[in-house]
Amino acid sequence: MLRALTFVLLTLLATGLSPSYAETSTADSVTTPPIAELRQIQATISADVEKLPGSSGEMKQFIEYRVKEHATQFHNKIKLLMTDKDSDKTDLVPLIQEHLTFINQVGKYFANDIELFKSQLGKNNDTHVMFNLATRESERDDFLKAKLETLNWLESLNQDVSEQKTQLTTQLLQRSDILNSLVQFTQAKLKTAVEDAATAGADVSSEQTTLVTRLKERLSLTSGSLSVAINLLDQLDKDTSNLKQTLFSISGDITQDVLNIDVAGDLVSQWWNTAKNQAMDNGPGIVFKVFIFLLILFLASLAGKATQRVVRKAVNTSKFKFSQLLQDFFVSLSGKVVFAIGLMIALSQLGFELGPLLAGFGVAGVIIGFALQDTLSNFASGMMILIYRPYDVGDLINAAGVTGKVSQMSLVSTTIKTLDNQRLIIPNNKIWGDTINNITAEHVRRVDMTFGIGYGDDIPKTEKVLTEIVSSHEKVMKTPEPTVKLHLLNESSVDFIVRPWVKPEDYWEVYWDITRAVKMRFDQENITIPFPQRDLHIYQTQAD
């Protein structure tokens, strides 16, 4: 049968609460083959249950598995016989009544088990007990669905079950009222727990994390049980609008499968019809439609801005470290999508057919695409930059023949502020189609300098002086070690290369400081810095 019902079946039958039909023999009076098969299944379940008290370990698990399978088979066969329009269902009545008796026994067991959990509150770990209680209530859902289905079967067979349906309705109303309050209570506790964990930040404890996880699971289980109760009450023609409103209010806190989309749709439909009917009674329909149109646009605008704030906070705190362009893209897209949905809903209230309207947008999109080919090319390049992230806002880059710091990015263009404080707006296709040099991408940068001395100067002395100048600078990194080597024998000079490693932001300061220090030390040490010279020789000749 159902998951929870199977578990309770094992316990009930093992403790002597077995239903009366479990003792029915296949040797009853003349029965049709399907009925005989059902009684055989009953006998098999009864025989297996008798083995449970003396079994243990894997054998016990195997017997429990057999009981579960046969119980599921029994329930499904009754359902199959009930849906067969050509079969005579008269002989099914005793089986279904015995089945209902068993379900009622299971219900009492559930009630006793839940009361046992409640009695443990305040004695030990309430969070753990409340989670077990929510789990038990969730298992009880299958029992309640099975009971209503069984009552419907008997009613279809002309059996009077009105009193039992009334009792079930009362039970469901009481249960849904408790679950409704419990959902709101759990949601409030979860909000407090999440705020406490967020305040703790990096110091959040494992107990706080476990509490948040347990409360989320508990909220999911409890809201799921409330959803089941609402569906059953709807089948019994009871008003559940207040209960649906509670489910709707927590739809953002739990996964989508917990909140039935039909429930949310019914709730929105009820609100909409109520507002529309009231407005139509108090004024012309056109005024109402215009008012609703403007109201939906206003709410869509607010919802779009709120969505942008939420998305911005999410991407800023994400562990994936999105680029600034990608963050702006997500934020902008989320707000526009929400507003676009609101606009379509608002237009539908004015009588516009969304199908032809969307088709018209598609045709217009093709025309605009041909007219804006260059812009779309920039957009495509912006998407590639967004995906591969060759640079981000604040990086110093050399791209499209321009060197400067990236001050702003969009999917169409990149704004670069040059080193002399000019602002250049460069189309993204110009950047993506050329070499991109991200100067500040790495955490260290090498400063390449060359200094020349005369051929008559002391080479070891010069090398020592250059090494001292580089090593003494406070912003030159120790690791990697700077390089000072004799490099070239030029036409008029002996050239040394000097290559210290620095942080990117210290590049020019180190470059200028070392250049100045080299000139001053060379003068002190009488080391010449050669420069190109040309000798002019004049010869005097005598005239003939």
Side-chain angles (χ1 to χ4, degrees), residues 389-407 414-424 426 431 434-541:
R389 299 173 58 184
Y391 58 87
D392 202 351
V393 173
D395 287 345
L396 181 65
I397 68 170
N398 186 335
V402 176
T403 300
K405 181 175 290 187
V406 179
S407 61
T414 297
T415 302
I416 294 179
K417 186 173 290 186
T418 63
L419 299 178
D420 57 348
N421 208 31
Q422 298 183 58
R423 186 173 64 177
L424 304 179
I426 305 175
I431 296 177
D434 199 354
T435 301
I436 301 173
N437 179 15
N438 192 332
I439 300 172
T440 56
E442 300 298 332
H443 298 296
V444 294
R445 188 179 175 191
R446 192 179 70 185
V447 183
D448 289 350
M449 294 177 288
T450 302
F451 300 101
I453 64 173
Y455 271 85
D457 292 316
D458 189 345
I459 291 177
K461 178 182 178 181
T462 303
E463 187 173 4
K464 180 181 178 182
V465 169
L466 291 174
T467 302
E468 289 176 357
I469 293 173
V470 173
S471 301
S472 62
H473 198 288
E474 60 182 4
K475 293 189 176 181
V476 172
M477 302 179 68
K478 305 302 181 183
T479 304
E481 294 181 356
T483 300
V484 177
K485 297 291 183 181
L486 193 152
H487 184 54
L488 286 176
L489 300 177
N490 264 332
E491 293 180 354
S492 58
S493 65
V494 177
D495 294 340
F496 281 82
I497 58 168
V498 177
R499 295 177 177 176
W501 292 86
V502 298
K503 294 181 179 179
E505 59 269 22
D506 299 331
Y507 180 91
W508 287 111
E509 183 177 352
V510 172
Y511 186 98
W512 294 326
D513 288 350
I514 291 180
T515 301
R516 182 176 183 272
V518 167
K519 176 63 172 73
M520 295 178 65
R521 283 292 301 276
F522 276 15
D523 290 345
Q524 295 174 6
E525 302 292 341
N526 295 321
I527 300 174
T528 60
I529 300 177
F531 51 89
Q533 302 181 50
R534 179 169 296 178
D535 293 332
L536 180 62
H537 301 274
I538 300 175
Y539 297 94
Q540 185 178 3
T541 60

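Applying the side chain to side chain donor-acceptor pair (under 3.5 Å) rule to pairs touching residues 445-459 yields R446-D448, D457-T528, sequence neighbours excluded. Sorted pairs that involve residues 476-497 and meet salt bridge (charged side-chain N to carboxylate O under 4.0 Å, His left out), not counting sequence neighbours, are lacking altogether.
Applying the ring pair (Phe, Tyr, Trp, His ring centres under 6.0 Å) rule to Y511 yields the partners W508; only residues at least two apart in sequence or on another chain are considered. When the side-chain contact (heavy atoms from CB on, under 4.5 Å) test is applied to I529, the partners found at least two apart in sequence or on another chain are K519, F522.
For the atom pair CD1 of I397 and CG of D392, the computed distance is 10.5 Å after rounding to the nearest 0.5 Å. Here NZ of K417 is found 11.5 Å from CD of Q422. Values are rounded to the nearest 0.5 Å. Put simply, CG on L424 and OG1 on T418 are 5.5 Å apart, with the number rounded to the nearest 0.5 Å. In this structure, OH on Y507 lies 11.5 Å from CH2 on W501, to the nearest 0.5 angstrom. Expressed to the nearest 0.5 Å, how far CG of L419 lies from OG1 of T403 amounts to 6.5 Å.
Shortest non-hydrogen contact noted between P530 and G454 is CD-N, 3.6 Å. Considering all non-hydrogen atoms of both residues, V393 and S407 come closest at CG1-O, 3.9 Å. Taking all atoms of both residues into account, the shortest heavy-atom contact from G394 to K405 is O-CG, 3.7 Å. In terms of heavy atoms, Y391 sits closest to V406 at CD1-CG2, 3.8 Å.
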Which atom pairs, one a donor and one an acceptor, fall under 3.5 Å between side chains of residues 464-476 and the rest of the protein, sequence neighbours left out?
{"from": "T467", "atom 1": "OG1", "to": "E463", "atom 2": "O", "distance (Å)": "2.8"}
{"from": "E468", "atom 1": "OE1", "to": "R521", "atom 2": "NH2", "distance (Å)": "3.1"}
{"from": "S471", "atom 1": "OG", "to": "T467", "atom 2": "O", "distance (Å)": "2.9"}
{"from": "S472", "atom 1": "OG", "to": "E468", "atom 2": "O", "distance (Å)": "2.9"}
{"from": "S472", "atom 1": "OG", "to": "I469", "atom 2": "O", "distance (Å)": "3.0"}
{"from": "H473", "atom 1": "ND1", "to": "K475", "atom 2": "N", "distance (Å)": "3.1"}
{"from": "H473", "atom 1": "NE2", "to": "D513", "atom 2": "OD2", "distance (Å)": "2.9"}
{"from": "K475", "atom 1": "NZ", "to": "E509", "atom 2": "OE1", "distance (Å)": "2.8"}
{"from": "K475", "atom 1": "NZ", "to": "E509", "atom 2": "OE2", "distance (Å)": "3.3"}

Distance-only criterion, 3.5 Å: show the donor-acceptor pairs between side-chain atoms of residues 434-443 and protein atoms not counting sequence neighbours.
{"from": "N438", "atom 1": "OD1", "to": "T440", "atom 2": "N", "distance (Å)": "3.3"}
{"from": "N438", "atom 1": "OD1", "to": "A441", "atom 2": "N", "distance (Å)": "3.1"}
{"from": "N438", "atom 1": "ND2", "to": "P390", "atom 2": "O", "distance (Å)": "2.9"}
{"from": "N438", "atom 1": "ND2", "to": "D395", "atom 2": "OD2", "distance (Å)": "3.2"}
{"from": "T440", "atom 1": "OG1", "to": "L396", "atom 2": "N", "distance (Å)": "3.0"}

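When side chains are defined from C-beta on, V447 does not count as touching I514, because their heavy atoms never get closer than 4.5 Å.
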